[in-house]
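I have placed the structure first, in the form of structure tokens, so that the comments after it can refer back to it.
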Amino acid sequence: ACELFYQERLANEWLKEGVTIIDPKRFDVRGRVQFGQAVHIDINAVFEGEVILGDGCSIGPNCVLKNCDIGQDVVIKAFSYLENVVVRNHAVIGPFARLRPGTEIGEHAHVGNFVEIKNTHLGPYSKASHLSYLGDAKIAEHVNIGAGTITCNYDGAFKHETVIEAHAHIGSDTQLVAPVRIGKGATVGAGSTIVQDVPPGELTLTHRLDQRSKVWKRPQKEK
């Protein structure tokens, strides 16, 4: 009862200072929060440790922020979990994103649903929109990471780094086996497994492109 009273009192203090809190009864601060102007917080947001919220940022419902530095006009959508990360101005995170320690998200970058990032710098205007794991990577600006991309950073004993230079395009369902470097402006075809450095400005594929069709009947269960 004491904790609920404290949280509601704290929420009301924030409201007086100009923070928009959708429901003061569904609000949880477990550390210290520094906030700017015009901050918007939806229900069931949890703040742990030291958290900085820049001007105009928006925190969606059911998000957890632990020891985070969030820039101005950042949007963090529902059910995202951020721990020990820096998010620069105008970035968009989530929904259902997980940012792990050592991650830095550049300005105007986008991390979409079911993307996990660890110990990685994602450069300005770069985006990983769907279903990817990016660990121990340096990703420059204006890079597109296709759905299902994985940086294979662990060899069973040691972690290795992936470097992706500016304006590269990584096709869906690609495995980048670290240590590896993707050159500036390079394109990696969907479904590729990259084990060597990719030259800048070229298309790299690691699979055959022949496609064949034949008459075939799908198996069916007996009625």
Side-chain angles (χ1 to χ4, degrees), residues 7 10-11 14 19-139 141 143-151 153 162 164 170 172:
Q7 294 292 343
L10 184 61
W14 286 27
V19 178
T20 298
I21 300 174
I22 295 301
D23 186 353
K25 295 183 182 296
R26 290 183 286 177
F27 169 84
D28 198 340
V29 176
R30 303 174 186 176
R32 292 189 296 178
V33 180
Q34 175 184 330
F35 51 83
Q37 299 179 350
V39 171
H40 181 280
I41 300 173
D42 213 322
I43 63 169
N44 298 327
V46 177
F47 303 95
E48 299 184 10
E50 301 285 337
V51 177
I52 299 173
L53 302 176
D55 295 346
C57 70
S58 175
I59 311 301
N62 302 292
C63 290
V64 178
L65 279 69
K66 182 176 182 180
N67 298 320
C68 295
D69 185 349
I70 308 300
Q72 297 181 8
D73 299 309
V74 170
V75 176
I76 300 177
K77 298 183 180 180
F79 293 96
S80 294
Y81 187 102
L82 288 72
E83 180 180 0
N84 292 74
V85 304
V86 175
V87 181
R88 302 298 182 188
N89 300 344
H90 307 287
V92 178
I93 309 297
F96 296 97
R98 185 182 181 194
L99 305 187
R100 293 170 55 191
T103 294
E104 180 177 346
I105 306 300
E107 293 189 357
H108 297 276
H110 179 209
V111 178
N113 46 279
F114 304 105
V115 174
E116 179 181 354
I117 301 182
K118 189 265 306 184
N119 193 32
T120 289
H121 174 84
L122 183 67
Y125 295 93
S126 291
K127 56 184 179 180
S129 297
H130 323 277
L131 301 160
S132 295
Y133 170 71
L134 305 173
D136 299 294
K138 291 181 181 177
I139 302 172
E141 66 273 12
V143 171
N144 183 78
I145 305 292
T149 296
I150 299 171
T151 57
N153 56 327
T162 297
I164 304 176
I170 311 300
S172 298

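Excluded from the calculations below are hydrogen atoms, water molecules and symmetry mates; all remaining heavy atoms, backbone and side chain alike, are included. Here the structure is a predicted model, which means the values were calculated and not measured.
For CD of E50, the number of neighbouring non-hydrogen atoms (other residues, nucleotides, ligands) closer than 6.0 Å is greater than 12. Within 6.0 Å of atom OH in Y81, more than 12 heavy atoms from other residues, nucleotides or ligands are found, so the atom counts as buried in its surroundings.
Shown here are the side chain to side chain donor-acceptor pair (under 3.5 Å) partners of R98, two or more places apart in sequence or in another chain: there are none. For Y133, the ring-ring contact (aromatic ring centres under 6.0 Å, His included) test picks out no residue, with sequence neighbours left out.
Side-chain atoms of N44 and N62 include a donor-acceptor pair closer than 3.5 Å.
Looking only at side-chain heavy atoms (C-beta outward), L65 and I76 come within less than 4.5 Å of each other.
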Working note: I105 + V85, criterion side chain to side chain contact (heavy atoms under 4.5 Å, CB included); need CA distance, chi angles, decisive distance, verdict. CA-CA 8 Å; I105 306 300; V85 304; over 6 Å; no

What's the verdict on side chain to side chain contact (heavy atoms under 4.5 Å, CB included) for N67 and E48, showing C-alpha distance, side-chain angles and the deciding distance? CA-CA 6 Å; N67 298 320; E48 299 184 10; over 6 Å; no

Tell me, with the steps shown, if F47 and I41 meet side chain to side chain contact (heavy atoms under 4.5 Å, CB included). CA-CA 11 Å; F47 303 95; I41 300 173; 3.8 Å; yes

Hey, mind stepping through K118 and D136 against side chain to side chain contact (heavy atoms under 4.5 Å, CB included) and telling me if it holds? CA-CA 6 Å; K118 189 265 306 184; D136 299 294; 2.7 Å; yes

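Across every non-hydrogen atom of I93 and S80, the tightest pair is O-OG, 4.1 Å. Across all non-hydrogen atoms, the minimal contact from A128 to L134 is CB-CD1, 4.0 Å. N84 and C68 get closest at one heavy-atom pair: N-SG, 4.2 Å. Closest of all the heavy-atom pairs between I22 and H40 is CD1-NE2, 3.6 Å. Across every non-hydrogen atom of V74 and R88, the tightest pair is CG2-O, 3.2 Å. Contact between R26 and I43 at its shortest, heavy atoms only, is NH1-CD1, 3.3 Å.
Note on ring orientation: taking the six-membered ring where Trp is involved, the planes of W14 and F35 are tilted (angle from 30° to 60°).
At least one donor-acceptor pair under 3.5 Å links the side chain of T103 to the backbone N or O of I117.
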